[in-house]
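Here the structure is laid out as structure tokens; the discussion comes afterwards.
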Amino acid sequence: MFDDNQPNRRHHRVDLRLPVRVSSIDPEPSPTGRSFRASREICANLSLGGLGLLTRDPLVPGRRVLLELELPDGGALETIAAPRSA
């Protein structure tokens, strides 16, 4: 899990559980060639600088993904992100 007490964090993280659709923009290398990702994951926390994502399969650092957060009021928030290593 994520530790909000890390002194090197620039922004305070807020615990928040929201469904997130993750779709790769850049292809990822795979044994069978290039592939794209489309999955449903969970947002663990959110800050002004990013979000923590709970995922079964880690995202490849630096590869762009489209994140679609499903908001409690039924709305959605979309953004493009480039994951960093944990």
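What you are looking at is a predicted structure, and each value in this text was computed from that prediction instead of being measured.
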Are the side chains of [X] and [Y] in touch, meaning some heavy atoms are under 4.5 Å apart?
| X | Y | answer |
| --- | --- | --- |
| E68 | P19 | no |
| L67 | L51 | yes |
| C43 | R17 | no |

Donor-acceptor pair, N45 side chain versus V14 backbone, under 3.5 Å? no
Main-chain N/O of P27 paired with S24 side-chain donor or acceptor, under 3.5 Å: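 Not confirmed, S24 side chain does not pair with P27 backbone.
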Does [X] belong to the same Ile/Leu/Val/Met/Phe/Trp/Tyr cluster as [Y], with side-chain heavy atoms less than 4.5 Å apart forming each link?
| X | Y | answer |
| --- | --- | --- |
| L66 | L53 | no |
| F36 | L59 | no |
| I80 | V20 | no |

Atom CG in L46, atom CG in D15: separation rounded to 0.5 Å?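 Going from CG on L46 over to CG on D15, the span is 10.5 Å.
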From OG (S47) to CZ (R10), nearest 0.5 Å: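 It is 9.5 Å, given to the nearest 0.5 Å.
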Listed partners of T55 passing side-chain hydrogen bond (donor to acceptor under 3.5 Å, both in side chains), at least two apart: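 With sequence neighbours excluded, T55 shows a side-chain hydrogen bond (donor to acceptor under 3.5 Å, both in side chains) to R37, E41, given in chain and number order.
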Salt-bridge present (R40, E70; N to O < 4.0 Å): yes
Quick check: closest heavy atoms across G62 and A82, and the distance to 0.1 Å? O-CB, 4.2 Å
Salt bridge (Lys or Arg N to Asp or Glu O under 4.0 Å) between R63 and D26: does it pass, once the steps are laid out? CA-CA 6 Å; R63 298 220 188 258; D26 301 321; 5.8 Å; no
